[in-house]
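Both ligands and their constituent atoms are indexed starting at 1 by order of listing.
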Amino acid sequence: MSYNNLLLEMHGKVALVTLNRPQALNALSPELTAELSELLDHLEADDSVAALVLTGNEKAFAAGADIKVMKDWSYMDVYKADFITATWERLSTFRKPSIAAVAGYALGGGCELAMMCDFIIAADSAKFGQPEITIGTIPGAGGTQRLTRFIGKAKAMDMVLTGRMMDAQEAERCGLVSRLVPADQLIDEALKAAERIGELSAPVIMMAKESVNRAFETTLAEGIRFERRLFHSTFATEDQKEGMNAFFEKRKPVFKNR
Ligand code: CAA
């Protein structure tokens, strides 16, 4: 597999995918998002891959959708292509655990892409924003929806209506980011987190992820019922037996992903 806009490195069972259009601050062109979607299909189907870390470079995770490409598109162009959902949304349905490792700008579609990951680890240099309003449009890949669920209405309105950027400290304080680290430790920290997840039971990790994501889609009562059923399902796995027996035998569990 070779891509024009992405780099793929395997670190054990963790796929480190780097957005690689530095000359355009990793602006998310249709070619880039199509490549990412295709790569995610491969990574999801490959049993040797346990988790994904998605990153950019020191200056930018991604500065948004490619304005140069879309500036002259008509309503019919974007409507007929269902612009954004078709390929961008692939990350939000990726079943394996995914971590965004963000340094520099994560703006517009860049912020939205990071939010499609399961969680975000940010370098102290990270800057988040939904500046679409400043170029005469609104977020189109979940910015008004995911951001609002993550940081609440007041902050989301502030970001979306003014287009201002949020620094990494503010992003951590308001719950957009799970961990904040010095820039030179970003990739190590994200890989370590992904490797830890990769040591655990893959199917049970998938259930945990599915259950947390359900919290954004349903009522508390329904969500708890959904969680209960998945919790029950873990008892049908060999890995639950292994995990609990290993605890009592005072040894590290060896999960078989079954
Ligand atoms: N699309 C296309 N090209 C972009 C880009 C984008 N989103 N962001 C940056 N670039 C390009 C610039 O055009 C420039 O290219 P040239 O060297 O050929 O001129 C190069 O990347 C470097 O950018 P700057 O010179 O602007 O760098 P800077 O350090 O002065 O500023 C920045 C950095 C503040 C991030 C600024 O580039 C910027 O504001 N970018 C646009 C951010 C934005 O509005 N994003 C939202 C896009 S819309 C969207 O994402 C819709 C959606 O919801 C999916």
Exercise for the section: Could you tell me whether the side chains of Gln240 and Thr237 share a donor-acceptor contact shorter than 3.5 Å? Expected result: no
Practice task
Determine whether Met206 and Glu210 make a side-chain contact, defined as any pair of heavy atoms from C-beta on separated by less than 4.5 Å.
Solution key: no
Please tabulate, one line per pair, the protein N or O atoms found under 3.5 Å from any N or O atom of ligand 1, giving the distance to one decimal.
from	atom 1	to	atom 2	distance (Å)
ligand 1	1 (N)	Ala65	O	3.4
ligand 1	1 (N)	Ile67	N	2.9
ligand 1	7 (N)	Ala63	O	3.0
ligand 1	7 (N)	Ala65	O	3.0
ligand 1	29 (O)	Lys59	NZ	2.8
ligand 1	45 (N)	Ala63	O	2.9
ligand 1	50 (O)	Ala65	N	2.9
ligand 1	50 (O)	Gly109	N	2.8
ligand 1	53 (O)	Glu112	OE1	2.8
ligand 1	53 (O)	Glu132	OE2	2.7
ligand 1	53 (O)	Gly140	N	2.9

Fill in the blank from the handout: Sequence neighbours excluded, the answer for salt bridge (charged side-chain N to carboxylate O under 4.0 Å, His left out) partners of Arg164 is Asp158, Glu170
Problem - For Glu227, salt bridge (charged side-chain N to carboxylate O under 4.0 Å, His left out) partners two or more places apart - result: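 If we apply the salt bridge (charged side-chain N to carboxylate O under 4.0 Å, His left out) test to Glu227, skipping adjacent residues, there are no hits.
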Handout entry: Glu242 and Lys256 ion-paired at < 4.0 Å
Key =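 Not counted as a salt bridge, because no side-chain N and carboxylate O are separated by less than 4.0 Å.
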For residues 36-49, run the donor-acceptor check on the side chains, cut-off 3.5 Å, and write out each pair with its distance to 0.1 Å, sequence neighbours left out.
from	atom 1	to	atom 2	distance (Å)
Asp41	OD1	Arg90	NE	2.6
Asp41	OD1	Arg90	NH2	3.3
Glu44	OE1	Arg90	NH2	2.8
Glu44	OE2	Arg90	NH2	3.4
Glu44	OE2	Arg95	N	2.7
Asp46	OD1	Ser48	N	2.8
Asp46	OD1	Ser48	OG	2.7
Asp46	OD2	Ser48	OG	3.3

